[in-house]
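First comes the structure, then the notes that go with it.
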Amino acid sequence: MAAMKPRTGDGPLEVTKEGRGYVMRVPLEGGGRLVVELNADEAKELGEKLLVLFS
């Protein structure tokens, strides 16, 4: 039997291109990750809103 590692939310935010869209994995405080799939238009809109929010 393979060793099992606990799932934790520790780690960086990850964004990968998968097929025609993007998959964003956001670590959560209680452990685990929030996984969101975005198309190119949604990713661009999210990026623009984050730039306004953090500028």
Notebook entry, point to check: How many angstroms lie between NZ in Lys49 and NZ in Lys44, if you round to the nearest 0.5 Å?
Noted result: 13.5 Å

Check: Heavy-atom count around Glu45 CD within 6.0 Å, excluding the residue itself: above 12?
Finding: no

Item checked: Qualifying residues under side-chain hydrogen bond (donor to acceptor under 3.5 Å, both in side chains), relative to Glu42, sequence neighbours excluded -> none

Item checked: Any side-chain heavy-atom pair of Arg20 and Asn39 under 4.5 Å -> no

Check: Can Val35 be reached from Val15 by stepping across I, L, V, M, F, W or Y side chains whose heavy atoms are under 4.5 Å apart?
Finding: no

Notebook entry, point to check: For Lys17, does the NZ atom sit with more than 12 other heavy atoms under 6.0 Å from it, leaving out its own atoms?
Noted result: yes

Note to self: Quick check: closest heavy atoms across Pro27 and Arg33, and the distance to 0.1 Å?
What the structure shows: CD-NH1, 4.0 Å

Notebook entry, point to check: What's the spacing between Asp41 CG and Leu46 CG if we round to 0.5 Å?
Noted result: 12.5 Å

Notebook entry, point to check: Is there side-chain contact between Glu14 and Val23, with heavy atoms separated by less than 4.5 Å?
Noted result: no

Margin query: Let me check something: do Leu53 and Met24 share a hydrophobic cluster, defined by ILVMFWY side-chain heavy atoms less than 4.5 Å apart, either directly or through other members?
Written below: yes

Notebook entry, point to check: Where do Ala43 and Tyr22 come nearest, in terms of heavy atoms and distance?
Noted result: CB-CD1, 4.0 Å

